[in-house]
Amino acid sequence: MTTLNEAPVDDSSEWRSLLAQAAGAQARPQALPLTPASALQALYGPLCAARRAGPFVVGHLAQSLDGRIATVCGKSRWLSSAEDLLHTHRMRALSQAVVVGVTTVLLDDPQLTVRRCTGPNPVRVVLDPDRRLDGSQRLFRDESAPTLLLCGADRASEGERLGHAEVIPVVRGESGLSPHEICRVLALRGLSSLLVEGGGVTVSRFLAAGALNRLQVTIAPVILGSGRPAIALPTITDLSNSLRPRTRRVMMGVDVMIECDFDV
Ligand SMILES: NC(=O)c1ccc[n+]([C@@H]2O[C@H](COP(=O)([O-])OP(=O)(O)OC[C@H]3O[C@@H](n4cnc5c(N)ncnc54)[C@H](OP(=O)(O)O)[C@@H]3O)[C@@H](O)[C@H]2O)c1
């Protein structure tokens, strides 16, 4: 039986053509397709096109049927299927930067690199407003991708580094670092296509601020009954105040990924 860690790397010619599209290679004129678009093109083609059009921020979370992304103590490996894991690596490869919150780095010690498919590693961005990280985590020690640590402006000094990471002060907003300010700071560094990969608090803050173009929620047929929540937004009392974005659905092995489009 193949385990997740032994899963083969995806390097199909079709995937490489999508990588070229994401990198801004000249798109071929659209001819009427004689055959239906392939599953890869259908899923990633619109994302590549949107990314070429301007700043583009995608949130992604894998959750249980009851809306949890990890157990109470923070175990999330592996909640979703190998297909969703490959999808996450593809999304990294198509993004210029991947953004995570400090709790994910503390609990998972993730690498945030592209390993399940071919493609460039995104710049790794950690949101750690109060400098809870000590630099011992893997992404500060390995040099597989540039790494930025964004913190409150009061917690960083000029030119500071944490391991191999550059420490970037960000002016604090009313509740933490404003997602729009984060996007602006990253855009100044040429990073305008972002994958906000978790956890729930981080993705929720981007969503609450209206800073996501897309939200991808992969739902695994698993019930945890307790654990860390996926999306949490300010309380509403009337269903008319809920978000009802246009969605598309894609099967990811036994999981279903629902992508919300906030641009329409
Ligand atoms: N299933 C999945 O898809 C998935 C993906 C990633 C992670 N995870 C799991 O999720 C868990 C962690 O998620 P989580 O929701 O508890 O935490 P998280 O989102 O990883 O980190 C939240 C923390 O990051 C900082 N932060 C994030 N956005 C900020 C902003 N806009 N401004 C200021 N600070 C900001 C805050 O730090 P301070 O508290 O210092 O203010 C906040 O408390 C882990 O167990 C991990 O395994 C699951």
Side-chain angles (χ1 to χ4, degrees), residues 4 57-89 91-92 97-112 124-134 137-139 148-156 162 167-186 194-212 215-224 226-234 252 255-259:
L4 284 178
V57 185
V58 181
H60 177 274
L61 286 173
Q63 68 167 50
S64 61
L65 284 175
D66 51 333
R68 322 285 180 160
I69 57 166
T71 63
V72 171
C73 58
K75 298 264 189 306
S76 62
R77 289 177 181 160
W78 300 103
L79 184 56
S80 58
S81 60
E83 287 84 350
D84 183 57
L85 188 62
L86 170 58
H87 167 68
T88 309
H89 282 233
M91 290 301 298
R92 287 178 186 168
V98 57
V99 179
V100 292
V102 54
T103 310
T104 292
V105 177
L106 281 169
L107 292 173
D108 291 359
D109 197 11
Q111 292 170 271
L112 303 177
R124 304 177 290 196
V125 179
V126 181
L127 307 181
D128 182 11
D130 290 315
R131 303 294 302 272
R132 290 161 61 195
L133 297 168
D134 61 7
Q137 295 76 19
R138 278 196 287 190
L139 45 67
L148 308 176
L149 184 139
L150 270 52
C151 66
D154 50 322
R155 296 296 177 115
L162 184 67
V167 178
I168 301 177
V170 177
V171 178
R172 289 179 194 263
E174 277 175 18
S175 51
L177 312 178
S178 146
H180 290 293
E181 180 63 10
I182 292 167
C183 293
R184 193 188 68 81
V185 165
L186 296 177
L194 312 180
L195 174 65
V196 185
E197 206 183 292
V201 170
T202 302
V203 173
S204 297
R205 289 193 186 180
F206 272 77
L207 179 60
L212 292 181
L215 172 62
Q216 298 178 338
V217 179
T218 296
I219 302 167
V222 178
I223 297 173
L224 298 186
S226 62
R228 289 173 185 260
I231 298 298
L233 297 176
M252 295 277 167
D255 306 334
V256 57
M257 192 270 281
I258 298 183
E259 183 184 74

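Values reported hereafter were calculated over all heavy atoms of this structure, with side chains retained and with hydrogens, waters and symmetry mates removed. Order of appearance sets the numbers: ligands from 1, and atoms from 1 within every ligand.
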Q: Would you find a donor on one side and an acceptor on the other, under 3.5 Å apart, between the side chain of Thr104 and the backbone of Gly199?
A: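 Yes: the side chain of Thr104 pairs with the backbone of Gly199.
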Q: State whether the shortest distance between N or O atoms of Thr104 and N or O atoms of ligand 1 falls below 3.5 angstrom.
A: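 Yes, there is a polar N/O contact under 3.5 Å.
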Q: Evaluating non-hydrogen atoms only, which member of Arg132, His180, Glu181 is closest to atom 38 (P) of ligand 1?
A: Arg132
Q: Going by heavy-atom distance to atom 44 (C) of ligand 1, choose the closest among Leu112, Leu107, Ile231, Val102.
A: Leu107
Q: For Glu197, counting its heavy atoms only, list the atoms of ligand 1 lying under 4.0 Å from any of them.
A: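 Listed by number with element: 5 (C), 6 (C).
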Q: For Leu79, is at least one N or O under 3.5 Å away from an N or O on ligand 1?
A: no
Q: Do you know the tightest heavy-atom contact between Leu162 and Val167?
A: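 Looks like N-CG2, 3.8 Å.
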Q: Does the Ser204 side chain pair with the main chain of Ala232, one donor and one acceptor, at a distance under 3.5 Å?
A: yes
Q: Does the N or O separation between Ser76 and ligand 1 drop below 3.5 Å for any pair?
A: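 Yes, there is a polar N/O contact under 3.5 Å.
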Q: Quick one: look up the protein heavy atom nearest atom 32 (N) of ligand 1 and list residue, atom name and how far away it is.
A: Leu177 N, 2.7 Å
Q: Can you tell me the protein heavy atom closest to atom 15 (O) of ligand 1 and the distance?
A: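 Answer, as residue, atom name and distance: Val201 N, 2.8 Å.
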Q: Quick one: look up the protein heavy atom nearest atom 48 (C) of ligand 1 and list residue, atom name and how far away it is.
A: Ile69 O, 3.7 Å
Q: Who's the nearest protein heavy-atom neighbour of atom 35 (C) of ligand 1, and how far?
A: Arg205 NH1, 3.4 Å
Q: Heavy-atom distances under 4.0 Å decide this one: backbone, side chain, both or neither, for Ala62 against ligand 1?
A: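 Answer for Ala62: both.
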Q: Please confirm whether the backbone N or O of Ala209 pairs with a side-chain atom of His180, one donor and one acceptor, at under 3.5 Å?
A: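 Answer holds: yes.
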Q: In plain terms, say whether Arg155 and Asp128 are close enough for a salt bridge, that is, a side-chain N and a carboxylate O under 4.0 Å apart.
A: no
Q: Any sub-3.5 Å donor-acceptor pair from Arg172's side-chain atoms to Pro129's backbone N or O?
A: yes
Q: Identify, for atom 41 (O) of ligand 1, the protein heavy atom at the shortest distance, and state residue, atom and that distance.
A: Pro129 CG, 3.4 Å
Q: Should Gln63 be counted as touching ligand 1, given the test is an N or O pair under 3.5 Å?
A: no
Q: Report the nearest protein non-hydrogen atom to atom 46 (C) of ligand 1: residue, atom name, distance rounded to 0.1 Å.
A: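 Checked against all protein heavy atoms, atom 46 (C) of ligand 1 sits closest to Asp108 OD2, 3.3 Å.
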Q: Will you find, in the side chains of Thr218 and Asp84, an N or O donor that is under 3.5 Å from an N or O acceptor?
A: yes
Q: Any N/O of Ala70 closer than 3.5 Å to an N/O of ligand 1?
A: no
Q: Who's the nearest protein heavy-atom neighbour of atom 13 (O) of ligand 1, and how far?
A: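 Checked against all protein heavy atoms, atom 13 (O) of ligand 1 sits closest to Gly199 CA, 3.4 Å.
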Q: Quick check for you: to the nearest 0.5 Å, what is the distance between Leu224 atom CG and Ser64 atom OG?
A: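 Atom-to-atom, Leu224:CG and Ser64:OG are 4.0 Å apart.
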Q: Spell out, as yes or no, whether a donor-acceptor pair under 3.5 Å connects the side chain of Asp66 to the backbone of Ile223.
A: no
Q: Given 3.5 Å as the limit, does a donor-acceptor pair link the side chain of Arg228 with the main chain of Ile69, or not?
A: no
Q: Atom 17 (O) of ligand 1: which protein heavy atom is closest, and how many Å away?
A: Thr103 CB, 3.3 Å
Q: Backbone N or O of Gln111 within a donor-acceptor pair of the Arg124 side chain at under 3.5 Å?
A: yes
Q: If you measure every N/O of Thr202 against every N/O of ligand 1, is any gap under 3.5 Å?
A: yes
